[in-house]
Amino acid sequence: MALDKTKYYFQNSTPDSKPPTAPSNLNFEYDQNSSLLKVFWDKATDSDSLDSSIGYSLKYNGKATTTFNNFMDVVVEPGANYNFELAAF
């Protein structure tokens, strides 16, 4: 039996797996004193599993990092340009 917040599955095989929805509303706050950029977004949802088990991949300027939160602090260089890509897994 597989269990999530809202569904119980009583069958011999697991349900079809679908990817989580895309995270939305990507936002940024810059702390000038620490050169930290706080990146945050609205959480994705997943009909196949607990939403708390959704991970996020944040890629920026050739770097990649993952988290299970809907925020991340990134050290940035003042005046530099950054391109961000966010995906849920």
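- Between S53 and F68 the shortest side-chain heavy-atom distance does not fall below 4.5 Å.
- A heavy-atom distance below 4.5 Å is not found between the side chains of F40 and N25.
- At a threshold of 4.5 Å between side-chain heavy atoms, the hydrophobic network of Ile, Leu, Val, Met, Phe, Trp and Tyr places L36 and L26 in two separate groups.
- Looking at every heavy atom in both residues, T45 comes nearest to I54 through C-CD1, 3.6 Å.
- Between D46 and T21, every side-chain heavy-atom pair lies at or beyond the 4.5 Å cut-off.
- Exactly one of L58, N70, V39 qualifies for a side chain to side chain contact (heavy atoms under 4.5 Å, CB included) with L86. That residue is L58.
- Sorted by first and then second residue, the pairs that involve residues 42-64 and meet ring pair (Phe, Tyr, Trp, His ring centres under 6.0 Å), not counting sequence neighbours, are W41-Y56, Y60-F84.
- The two residues P23 and A44 have their closest heavy-atom pair at N-CB, 4.1 Å.
- Transitive grouping of hydrophobic side chains (ILVMFWY, heavy atoms separated by less than 4.5 Å) brings Y82 and V74 into a common cluster.
- The side chain to side chain contact (heavy atoms under 4.5 Å, CB included) check on N81 picks up nothing, with sequence neighbours excluded.
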For E29 and L37: C-alpha separation, side-chain torsions, deciding distance, then whether side chain to side chain contact (heavy atoms under 4.5 Å, CB included) applies. CA-CA 6 Å; E29 287 180 4; L37 183 67; over 6 Å; no
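- Here OG1 of T65 is found 4.5 Å from CE of M72. Values are rounded to the nearest 0.5 Å.
- Hydrophobic clustering keeps F89 apart from F71 (ILVMFWY residues linked when any side-chain heavy atoms are closer than 4.5 Å, directly or through intermediates).
- Atom CG of N83 sits in a sparse spot, with 12 or fewer heavy atoms from other residues, nucleotides or ligands closer than 6.0 Å.
- Scored by the side chain to side chain contact (heavy atoms under 4.5 Å, CB included) test, S24 finds D42 as partners (sequence neighbours excluded).
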